[in-house]
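Structure first, commentary second.
We name chains A, B, ... by the order of the sequence lines, and we start the count at 1 in each one.
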There are 2 protein chains.
Amino acid sequence: MPDSGPPPTLDDVARIAKVSTATVSRCVNDPRLVSRPTREKVQAAINALGYTPNFAARSMAAKRTLTIGAIIPTMENAIFARGVQAFQEELHARGYTLLISSSAYRADVEEEQIRTLVARGADGLLLIGHDRDAAIYDYLERQRVPVLAAWSFDLAARIPSIGFDNRRAMQSLAEQVIVAGHRRLAMISASSAQNDRARMRIYGVRDAMAAHGLDPETLELIEVSYDVQEGADAFETLMQRQPRPTIVLCGNDVLAVGALRGAEKLGLRVPQDVSVTGFDDIELAQVVRPGLTTVHVPHREMGRLAAQELVEMIEEKRTGRSQELTATIVNRASVLDQVKG
Amino acid sequence: MPDSGPPPTLDDVARIAKVSTATVSRCVNDPRLVSRPTREKVQAAINALGYTPNFAARSMAAKRTLTIGAIIPTMENAIFARGVQAFQEELHARGYTLLISSSAYRADVEEEQIRTLVARGADGLLLIGHDRDAAIYDYLERQRVPVLAAWSFDLAARIPSIGFDNRRAMQSLAEQVIVAGHRRLAMISASSAQNDRARMRIYGVRDAMAAHGLDPETLELIEVSYDVQEGADAFETLMQRQPRPTIVLCGNDVLAVGALRGAEKLGLRVPQDVSVTGFDDIELAQVVRPGLTTVHVPHREMGRLAAQELVEMIEEKRTGRSQELTATIVNRASVLDQVKG
DNA sequence: CTGGAAAATGTAAGCGCTTGCAAAACTACT
DNA sequence: AGTAGTTTTGCAAGCGCTTACATTTTCCAG
């Protein structure tokens with residue numbers, strides 16, 4: 001393997017192919033602008049040299065990076081993985097690269113990462129949900145970076161979103177369990193500060209209660225961070241309450257699995273002694289026993305649509321169009337119908 | 001919000017602060033080189049303008065990007081998530097940004113992504129396992145990009161690795177179940193082509209069989225792709241075999257959960273009727289019932305060490321040092337001890 | 001004071017690419 | 001052959017930053 005020294009540049013290719021750098025550049029970026037014979041000469045030189053365009057130089061000259069940034073709260077569980085994967089696939093198909101970072105659900109970390117991604121010249125950004133400082137939106141506007149939110153849908157927000165109505169989805173689920181005869185509801189939610197998804201899901205439960213003549217104030221609510229064990233602990237606490245809730249609605253599937261483990265530890269049978277629901281319908285929900293009744297979120301579709309929309313915002317330089325997806329209830333075995341028995 | 005036009009540049013800052021661009025640059029990159037009063041003047045200008053360095057320009061001039069690329073087979077399940085998260089955290093602490101892409105377990109996709117990351121000027125690369133074309137290693141060598149492998153440990157490989165001995169770990173587990181009285185072993189593995197981790201785990205089982213007087217050829221093996229459902233289907237197939245295996249060793253936890261589901265479908269109790277083991281010890285393994293006996297992989301430590309090593313390789317310009325971590329067996333409820341009963 | 005070393009700052013040459021503009025080379029008609 | 005497009009190619013000016021080297025300022029011992 002001879003030492004080829006520094007990697008070949010556009011100039012090298014131009015020299016070998018005996019054309020100008022401009023021609024080589026066109027050849028690489030838009031071959032239609034170059035005549036057939038020239039194109040072949042250039043291709044040959046490129047292959048001979050093993051030339052790959054230098055990304056930094058390119059984005060500096062072209063003022064775009066073909067890079068899109070996404071900041072997700074966490075990579076450690078499957079909640080965002082599937083959607084992000086689909087997002088990535090679609091971006092890749094359109095020639096963009098995805099830069100992912102995770103904020104560990106912390107607003108300050110998220111802000112820092114937004115700035116980093118912008119400094120790196122991300123052509124666009126995908127954010128999760130809408131809850132963040134106005135200052136960040138100001139910054140983004142000033143920098144003119146197209147931004148899209150996912151996992152939430154809110155026409156009133158400052159940025160367009162591709163997502164679903166967390167509040168309404170949770171309301172439907174809660175109404176279903178109320179109709180099934182449950183009256184003493186409890187809820188385990190992820191921390192709702194700085195998290196509109198979590199907050200809306202709580203509101204959804206209260207909406208359902210109010211709509212069915214239950215006092216929303218009687219909802220036994222515990223907020224915890226995002227973790228199976230936390231879910232289990234919260235569940236045990238809830239089971240102390242008098243009168244004991246007949247159902248525990250969880251803000252997501254991970255907490256719900258925690259609840260299942262909590263029940264197991266207390267020797268309570270699900271759903272005979274107490275019912276449990278989740279949210280998201282990650283793989284875990286159908287793998288666990290009893291299978292979780294939960295809200296199915298169209299993760300892959302959301303990711304794909306978000307990629308399409310964001311790329312269009314960038315390439316057509318237009319403001320984004322929000323799109324609402326529907327989340328549907330999936331009934332498995334973790335809820336007891338007290339009416340039918 | 002006044003339109004601030006294009007983002008401020010180093011020149012703008014220099015002009016406002018009434019110093020040269022060189023001074024501003026030093027101020028940003030190594031403030032010790034600048035006198036206190038000047039530094040403060042420059043800082044003030046930076047703040048006033050809201051200046052952020054342009055990444056492309058910087059990496060072009062400095063010939064480094066402070067970016068590290070990682071290509072993982074999949075983001076969709078937790079196998080790599082935890083390790084990568086730790087990797088990212090450690091990199092972040094050292095001032096590097098992580099670029100992640102996933103190859104969907106496809107060698108051609110991986111190769112393309114390696115080239116993309118190199119073209120983007122990644123200062124270093126993290127790859128999973130060692131199985132890939134020699135041509136890729138040649139390319140990487142020629143480009144002089146530091147590369148490190150994780151999730152495997154192999155001193156004979158062309159690149160250094162931070163990982164564990166998949167073969168030996170699986171062998172230990174297999175020996176344990178043989179000692180527990182199992183004689184008819186079956187295995188569900190991820191596809192072993194282009195995947196040294198999967199292949200070594202198979203070898204490990206055969207090693208154990210040979211070491212205990214069992215004919216390695218009698219191992220009932222099915223290779224499937226990586227998915228709960230595939231695991232379930234494979235399990236059902238294996239249960240047709242005569243004589244029926246008493247234990248199904250799975251190449252990873254996801255397949256093992258599939259096996260659990262398969263058993264459920266067939267009305268077989270685990271572990272009374274058939275035992276099941278996993279590999280990786282992802283969260284799923286302890287959440288599922290029965291809890292999976294599996295091999296615990298120190299994901300977070302692996303990610304952290306890999307980040308440290310890779311950064312050192314880059315910054316000290318030295319070749320990497322491999323490090324072997326130990327994977328340990330975690331006994332849960334999915335294996336029946338036929339000897340003790 | 002002064003000379004000389006050390007510290008601080010400035011000058012300017014790139015880094016590798018894209019792209020507006022201009023020139024050259026074709027084409028298809030009179 | 002001449003003309004007016006149309007297509008293809010080349011020229012060269014940046015893009016925003018770092019850094020080797022040169023210059024100026026500061027500091028201190030003599």
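Between B:S35 and C:dA8 there is no side-chain N or O to OP1 or OP2 distance below 4.0 Å. Contact check, A:T23 against D:dG10: a side-chain N or O comes under 4.0 Å of OP1 or OP2. OP1 or OP2 of C:dT18 lies within a sub-4.0 Å distance of a side-chain N or O belonging to A:R58. In terms of phosphate contacts, A:N54 brings no side-chain nitrogen or oxygen within less than 4.0 Å of OP1 or OP2 of C:dC15. In terms of phosphate contacts, B:S20 brings a side-chain nitrogen or oxygen within less than 4.0 Å of OP1 or OP2 of C:dG10. Residue B:S25 places at least one side-chain N or O closer than 4.0 Å to OP1 or OP2 of D:dT18.
At the heavy-atom level, B:F55 lies nowhere under 4.0 Å from the strands shown.
As rounded to whole Å, 16 Å separates atom P of C:dT9 from atom NZ of B:K18. In this structure, A:M60 atom CE and D:dT18 atom P are separated by 11 Å, rounded to whole Å. Atoms CD1 (A:I46) and P (C:dC17) sit 10 Å apart, rounded to a whole Å. Rounding to whole angstrom units, CZ of residue B:R36 and P of C:dT9 are separated by 13 Å. Distance CG (A:L10) to P (D:dG10): 13 Å, rounded to an integer number of Å. If you measure from atom CD of A:E40 to atom P of D:dT9, you get 12 Å, rounded to the nearest angstrom. In this structure, the CZ atom of B:R26 is 8 Å from the C1' atom of C:dG10, given to the nearest Å. The CG atom of B:D11 sits 13 Å away from the P atom of D:dG14 (whole-angstrom rounding).
Considering B:W151, B:F87, B:Y226 as possible partners of B:F80, the one that fulfils the ring-ring contact (aromatic ring centres under 6.0 Å, His included) test is B:W151.
The side chain of B:T9 lies closest to D:dG16 when the candidates are C:dT18, D:dG16, D:dT19. In the set D:dT8, D:dT18, C:dA12, the nucleotide with an atom closest to the side chain of B:A22 is C:dA12. Proximity note for A:A61 (side chain, C-beta onward) versus C:dC17, C:dA8, D:dG16: the nearest is C:dC17. Comparing C:dG10, D:dC17, D:dA12 against the side chain of B:Y51 picks out D:dC17 as the nearest.
The environment of CZ in A:R318 is crowded: more than 12 heavy-atom neighbours from other residues, nucleotides or ligands sit within 6.0 Å.
Looking at B:E89 and B:R304, no side-chain N of the basic residue comes within less than 4.0 Å of a carboxylate O on the acidic one, giving no salt bridge. A salt bridge links A:R158 with A:D138: at least one charged nitrogen is closer than 4.0 Å to a carboxylate oxygen.
Nearest-nucleotide positions on DNA chain C place B:L33 closer to the 5' end than the other of B:L33 and B:A57.
The cationic atom of B:R120 (NZ for Lys, CZ for Arg) lies less than 6.0 Å from the six-membered ring centre of A:F55 and within 45° of the ring axis.
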